[in-house]
Amino acid sequence: MEEYKFANDPLPNPKSVISGPQYRFTVLNEHVLRYEWAEDGQFEDRPSTFALFRKFPTPTFRVQDTDDTLIIITPLIRLTYDKKRFSPGGLFVEFSSKLKDWGASWRFGDNLEGSNLGGTARTLDGIDGRCDMGTGVLSRDGFSTIDDSTSMLFDELGFVTPRRTGDRIDGYLFSFGNDYKGAMRSFYAISGPQPSVPRWSLGNWWSRYHAYTQDEYINLMKKFKDNDVPLSVAVIDMDWHWVKEDFVSHAGWTGYSWNTDLFPKPEEFAKALHDMDLKITLNDHPHAGIASHEEIYEEVSKVLGHDTSNKDPVPFDPTSPTFMHAFFNVVHRSLEKKGCDFWWVDWQQGSNTRIPGLDPLWLLNHFQFLDTKKAIPSSLPLVFSRYAGPGSHRYPVGFSGDSFATWDSLKFQPEFTATASNIGYGWWSHDIGGHLPGFRDDECTARWVQYGAFSPILRLHSANTRWMSKEPWLYRDESMSAMKDIMRFRHRLVPYIYSISAADSSLPFVQPLYWSHPDADVAYQFPNQYYFGPSMVVAPVVSPRDPRTNLAEVKAWVPPGRHVDIFTGIVYDGNRKLNLYRGLNDVPVLLPAGSIVPLDAALVPSNGCKNPTEIELLVVVGQDGHFELLEDRVDDAAGAAAHSTHYSTKFIWNQSKGQLSCEGRAMNWTFRFIAARTNTIKVFIDGELTTTRSDLLETEGNPASVIVRVPASSNRATIKTVIALDPDTQLQRIDHMATLSDLLRDYQVHVHQKEAIWKILESSQGTTVKVGELLNLGLDKAIIGPIMERLLADSRKSDTVSE
């Protein structure tokens, strides 16, 4: 397994170490201190599954050392230690942060779960609703610990090995105050970065537990295309191989030979999918080993010296380097040659192996990821598997298990995903729409797909029943329309998602609100709301609509600063709790002022998430902003280059000047300034004034946006474009009367109630008076709430523009 060596640097900087015969402390960086106790005096310098890197520049600290007391002082902590085996009385830390009036302290052995902000779970199997998410790195107390005493280690050849026996403690103390992002960057620095994922993985995945035939699957993929629903990954669940035939000697979940009754020509099947720009992943339950009916049984047996005289299966042994080498280079490689692009490792058989302390899921995730990287060097590697503990973020993408198809399950997934970032785990893929039979609810499914579009990976999935399949056209018209629209939008979002993930893997793509607003108590009160990249605040709809209004309610917090909803165009004042109301086609996605979001301009993007030929750039004025669009050269036929090289286009919005500059590849551009108001517009290309407002300005949408279209230059590979609006261009103040009229018309309530509401809205009274009179009508919140949202969204009193 020497070819599976990986980057690590586990030896600490000697200048950062304070040690004695049985204790060792290492001040790793400004946020993290490692504490070790070894009864035999042998400390651990091998990389662990959590900690790969321990050598950093020596941070600022000082030591006071006497015969019976050791004191270590950094800018963030004061540690006092009695030089005995670690105990609550002997190892004590005081923190300099002032998050609490009475200060903060930690004694060895303290239970820190109460203030910890959570981590994630190995799986959602069997969970209908909430589950325990354990602990992560972040805490409202400003400190946390990770116990690394029992994790697996890596030897000098890159294979795993258990820890030494005996009385040992190996822990990491994180001290960060409210610098949550700094804490997570320290976590990644020690544990290794979160890898970028391939561009194609960011599109829509199709998955279903069903025994497809070759023609059935290909025709289904064609039907998605006929319905203008783009896909990027074709998941083939368990029944691609032999399962229940008489010659299968075990329960059938494990298999490595194509079922030629269903797929008579696997290579042709794979080619047909690849020709549709789809990547292929095969489900693998490896626990039963390689049985005698498998095509590669004899070859694997020969490599391993396995006795085949009795047709005994080759046992699955992830603790054996020899077996793992054969598993990847014979078993998996034979199927990859037939078209498998990456593997869905579906391990559900616990955490034990024949060597205590070695977790088979860890072994599979780690070596499968490295093997994919080795086998396909032209692509970023991907493995689809379950979470196995701290450090698992290095092996994206996570499979969260078999979700129940219920509203309760949907309600928990946004929080579950965002909270996982507290342990660095950023690339979750859920069973969007639910796997296990719960009940058929078209609205719930549509809302789930909308959430999936704003989750790390959108993978539709369902159980082995005809009644749960997630093809959009199997649902009622309004749900079908919502599902199709949002799946198209997901592919349009890929330039935004890919650019951020490719540029900076130091933080997860999905982040809880409190990462950016740690001092705001309210940010902790909305766990289902999150940042989706730096420019989107998402509040998924996870409850059904009120039948009278056809609108669903979402309790949300608008962070400080003015925001615009990407779908409705509503402008909101910031730092406010609001109830938001949305019909089935909308989900609250708020862009802060200064946001720049690139989209594929095609309303129906193609399969595979290739670089688009035209970009639509969304710009929210009000603050300075910038964005760097990255495109993978390997996506272009003419760009035969390694995946690590990118086309780069940089955008800068200067608020005071009212100017957007764009420098990079020449292509067709559409610049959409959402809800902006300007009197002048000029377009400069490479410094030359080319046109003015009358030539290119369009207004459309609700509210009207300033739209500028700049075609690609036929003789330039790169170009610098400047769009000049009014200096200090601001967002419009929207008059919502037209929308309110439409809302009331659609209400399924008594006409007298509508007349009473409309009379108040039409009056010339100020907003405050109108709100008071509306409340005095005594109507349900579901009726009044949508009207209040629009009346109170934006408190400005001038620059009113009609919708």
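The figures here come from the full heavy-atom set of this structure, side chains too, leaving out hydrogens, waters and symmetry mates. This chain uses plain numbering: 1 for the first residue, then up along the sequence.
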Residues at least two apart in sequence or cross-chain that pass salt bridge (Lys or Arg N to Asp or Glu O under 4.0 Å) with K311, listed by chain then number, are E298
Identify whether the distance between the nearest side-chain nitrogen and carboxylate oxygen of R333 and E336 falls below 4.0 Å. yes
Here the ring pair (Phe, Tyr, Trp, His ring centres under 6.0 Å) pairs for residues 291-314, sequence neighbours left out, are F247-H293
When you check the side-chain N and O atoms of H366 and Y395, is any donor under 3.5 Å from an acceptor? yes
d(N204 CG, R490 CZ) to nearest 0.5 Å is 7.0 Å
Between T406 and D408, do the side chains contain a donor N or O and an acceptor N or O under 3.5 Å apart? no
Salt bridge (Lys or Arg N to Asp or Glu O under 4.0 Å) filter on D148, not counting sequence neighbours, yields R163
Apply salt bridge (charged side-chain N to carboxylate O under 4.0 Å, His left out) to the pair K338 and E295, showing each step before the final yes or no. CA-CA 13 Å; K338 294 181 180 180; E295 296 172 3; 3.2 Å; yes
*With a 4.0 Å cut-off, would you call D431 and R208 a salt bridge?*
no
Between the side chains of N227 and K484, does any donor sit under 3.5 Å from an acceptor? yes
Problem set entry | Cationic N near anionic O, under 4.0 Å, R46 to E156 | no
Item to complete: For the pair F269 and Y217, name the ring-plane relationship: parallel under 30°, tilted 30 to 60°, perpendicular over 60°.
Response: perpendicular
Using a distance-only test with no angle check, is there a side-chain donor-acceptor pair under 3.5 angstrom linking W407 and D441? yes
Checking S392, P390, P508 against I423 for side-chain contact (heavy atoms from CB on, under 4.5 Å), the one that qualifies is P390
Sorted by chain and residue number, the ring-ring contact (aromatic ring centres under 6.0 Å, His included) partners of F224 (sequence neighbours excluded) come out as W206, W473
Sequence neighbours excluded, the answer for ring-ring contact (aromatic ring centres under 6.0 Å, His included) partners of F399 is W344, F384
With sequence neighbours left out, the residues meeting ring-ring contact (aromatic ring centres under 6.0 Å, His included) with Y451 are none
| task | Answer yes or no on whether R122 is positioned over the face of Y387, meaning its NZ or CZ is under 6.0 Å from the six-membered ring centre and within 45° of the axis. | result | no
